[in-house]
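Heavy atoms only: backbone and side chains are in, while hydrogens, waters and symmetry mates are out. Sequence lines set the chain letters: A, B, ... in the order given, protein chains first and strands last, and positions in each chain run from 1.
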Amino acid sequence: MTVVTRFAPSPTGFLHIGGARTALFNWLYARGRAGKMLLRIEDTDRDRSTQAAIDAILDGLSWLGIEWDGEPIFQFARSARHRKVAEQMLASGHAYRCYASPEELAQMREAARREGRSKLYDGRWRDRDPGEAPPGVKPVIRLKAPLTGETVIDDQVQGRVVWQNENLDDLVLLRSDGTPTYMLAVVVDDHDMGVTHIIRGDDHLTNAARQKQIYDALGWPVPVMAHIPLIHGPDGSKLSKRHGALGVDAYRAMGYVPAALRNYLVRLGWSHGDQEIFSTDEMVSAFDLPQVGRAPARFDFAKLENLNGHYIRHSMDADLLEAIDRLLPHLANGPALAAKLNPHVRGQLLTAMPSLKERAKTLVDLIDSAHFLLADRPLVPDEKAKALLTEPAKGLLRDVAQQLAGIEPWTSETTEHAVRTFADGRGAKLGAVAQPLRAALTGRTTSPGIFEVLAVLGKAECLGRIADQVSLAETAPPID
RNA sequence: GCGCCCUUCGUCUAGCGGUCUAGGACAUCGCCCUUUCACGGCGGAAACACGGGUUCGAUUCCCGUAGGGCGCGCCA
């Protein structure tokens, strides 16, 4: 039997991180078993569903590298089929018309709560003669659920979960306006789509029992179920926007790479011994449902960031340059930066990349660390760099610049030799020269190795930048 | 309120009755490397929610308690 999973988001907002993980699990499970993962857009809530949300979900999945099989199914388009199934159930005696008014329903709910019962609807139209139907009232169609016994779900993650049928009431299958409820639509769609494994958030666990009753009434086989725990915020409460319940597009804009996010997400609530790093192939072959834990996991940006740094460090230089190109359109200052990326600067970026990527946790960090390649002369040193450019330091810079001016060829080795010799000659520590040099060349106090910076920038640019800082002092003496 | 689920270092987790003086990873602290920042290396601190059982023996099984979560619509 071919495994068929599905991801079924409702397009009422962006693809949030929890949804992304659910999609990932479905995708991994199917891929690891030569199966398919289908995509169903649950757009039956016409007021809240938007095209923008659909686009955001598709875009988010694609960015994460999660591909679905076939065309997405739109649930709303299938409502005629849903209605037909409800009528079938009516005809076969598995469902009935209920004429209870909203007021009656409210009363029943109140009474149930007062008496400590979980069953809300009392089944008053279950066996009543349709002839007693009040005139002018459009009925809903309810499932004739079993009164006794139990409903059991053998969940791949949760284990065997049992409900007493006396606690489950007759759910609505078809609304009075003839539209299907979620409960009915999901069952019919999963069945028609040939879904064999339902992997979804455990907020649906209670629904699983009710859906099982519908499957049973229809005589359809129940798919394998797996209800995975939800992701919580760092404080253990529900994940909020403040915590990281953002759209995956926000993670992209923060400079996270898909491989890192996938790796982080797959390890959240699932493990494979002590392994922390998984290539896509590895996670596809290792992932399985019984190893998914039942306790909700808390979202931890620090770990995501660490993983992201790992993936950046282990990326090919050219791939990182491409990743930057792709990220730029999603950043506020992207267009300005993109304009600077002429072939010459791209070449410098690529040359500096082995050293830049060593220091970056995110692509945004990476871009920022390349500031010294992208900034215009004269550089404006940041506060800390400015503090390094004291008058004595500037004297040192003036002198070292003279030494540097005679260097040919200009490489990290030749410049290193020159600077070290210069420092030795002055009886100065290397740092005493290197730090002011860094400040003058990069405008920062941190950067890749200073000799790499020298080499990447080239002789003329370096001498120019030193002159910029040194002469600046002459034209603008401190006001004391 | 009712139903269901959950509970190992701060966090993600390993552990599936004795191997646990409880392992790994992130974060954290210290040292080393070092021109800065990182990377890397070494080391430290840090957990079985609580109470009863079952058992020769419980982190592992059962029952409570406490705490947390999810669901309880003619929403999805």
Side-chain atoms of residues 425-435 of chain A: list all donor-acceptor pairs with protein atoms under 3.5 Å, sequence neighbours left out, distances to 0.1 Å.
residue: A:R426; atom: NH1; partner: A:D399; partner atom: OD2; Å: 3.3
residue: A:R426; atom: NH2; partner: A:D399; partner atom: OD2; Å: 2.5
residue: A:Q435; atom: OE1; partner: A:R438; partner atom: NE; Å: 2.7
residue: A:Q435; atom: OE1; partner: A:R438; partner atom: NH2; Å: 3.2

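- When each of A:L268 and A:P9 is assigned the nucleotide of RNA chain B with its nearest heavy atom, A:L268 is the one assigned upstream, toward the 5' end.
- When each of A:V172 and A:D202 is assigned the nucleotide of RNA chain B with its nearest heavy atom, A:D202 is the one assigned upstream, toward the 5' end.
- Under 4.0 angstrom from either OP1 or OP2 of B:rC6 there lies at least one side-chain N or O belonging to A:R294.
- Remark: A:T206 is not in phosphate contact with B:rC4, judged by side-chain N or O atoms under 4.0 Å from OP1 or OP2.
- Only the C1' atoms considered, B:rC16 is 14 Å distant from B:rU8, to the nearest whole Å.
- Taking the ring axis of A:F76 as reference, the NZ or CZ atom of A:R46 stays within 45° of it and closer than 6.0 Å to the ring centre.
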Give each protein N/O atom lying under 3.5 Å from an N/O atom of nucleotides 18-23 of chain B, with the pair distance.
residue: B:rG23; atom: N2; partner: A:D274; partner atom: OD1; Å: 3.0

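- The CG-P distance, from A:D122 to B:rC72, rounds to 20 Å in whole Å.
- Summarising the geometry, the separation between CG on A:N306 and P on B:rU11 is reported as 18 Å, rounded to the nearest angstrom.
- As judged by a 4.0 angstrom heavy-atom cut-off over every strand, A:K361 is placed among residues touching the sugar-phosphate backbone only.
- OP1 or OP2 of B:rG71 has not a single side-chain nitrogen or oxygen of A:N207 nearer than 4.0 Å.
- Near-neighbour residues of RNA chain B inside residues 425-434 of chain A, defined by a heavy atom below 4.0 Å, number-ordered: A:L430, A:G431, A:A434.
- Between A:Y256 and A:Y251, the ring-plane angle classifies as tilted under the 30° and 60° cut-offs.
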Any N/O pairs under 3.5 Å between the protein and nucleotides 61-66 of chain B? List them or say none.
none

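- Annotation: proximity of residues 143-157 of chain A to RNA chain B (heavy atom, distance under 4.0 Å) is found for no residue.
- Judged purely by atom type and a 3.5 angstrom limit, A:T181 uses its side chain to pair as donor or acceptor with the backbone of A:L173.
- As rounded to whole Å, 15 Å separates atom P of B:rG71 from atom CG of A:L120.
- The stretch residues 284-293 of chain A has no heavy atom under 4.0 angstrom from RNA chain B at all.
- Between A:S271 and B:rA14 there is a side-chain N or O to OP1 or OP2 distance below 4.0 Å.
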